[in-house]
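Note that ligands are numbered from 1 as they come in the structure, with each ligand's atoms numbered from 1 the same way.
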Amino acid sequence: MFRPDQMAADLKTILRKYKQGRREDLIPLLQEIQADTGFLSEEAIVRVGSHLGLSTTKIYGLATFYDQFRFIPSGKVHFKICHGTSCFLNGSQGLIDKFREELKIAPGQTTRSGNFSVEVVPCMGGCYHGPVIMVNGEYQIHVRPEQVPDLIKRLKHIIENV
Ligand code: FES
């Protein structure tokens, strides 16, 4: 379960690894925080700003330039849809559209229920098996748009019965 005090402790540990005032560390630092917590909270942005000597406006400006950063928490189930060249040629756009249609959210968003979130990512290293998606870190290969409704239904059932 999410605990704000735990997050603060983790953030402190991560910040300690980076020298104060070294602005060139901004992106790796944000990447590490996101890898740890799943998104960049307002608190994290503020603390990174004071650690590196950057304004929060500047950090948001730079971070929003990169598609990889999220500013809201992920859903209980987080989908990563590969949109690298090979997956694109194998129909990843159809998958992105189907997830959008089924969940009523755009990539980068989380459903109001907090159950699902979607992210579109570059190559995930499984190009021969595209289109590839990741469901909470687990690969699913050769995914077709027509499989998406059933996949979501099954996962919803699991979430609601845990
Ligand atoms: S392009 Fe999708 S896994 Fe490489």
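Without hydrogens or angle criteria, Y139 side chain to M124 main chain gives a donor-acceptor distance under 3.5 Å. In terms of modelled atom types and a separation under 3.5 Å, the side chain of N136 and the main chain of K76 share a donor-acceptor contact. Under a 3.5 Å cut-off, the side chain of H78 and the backbone N or O of G38 do not form any donor-acceptor pair.
Atom CZ of F88 is surrounded by 12 or fewer heavy atoms from other residues, nucleotides or ligands within 6.0 Å.
Counting only protein N, O or S atoms, the number found under 2.8 Å from atom 4 (Fe) of ligand 1 is 2.
Taking the centre of each ring, F116 and F99 stay at or above the 6.0 Å mark.
The shortest side-chain heavy-atom distance between V77 and N115 does not fall under the 4.5 Å cut-off.
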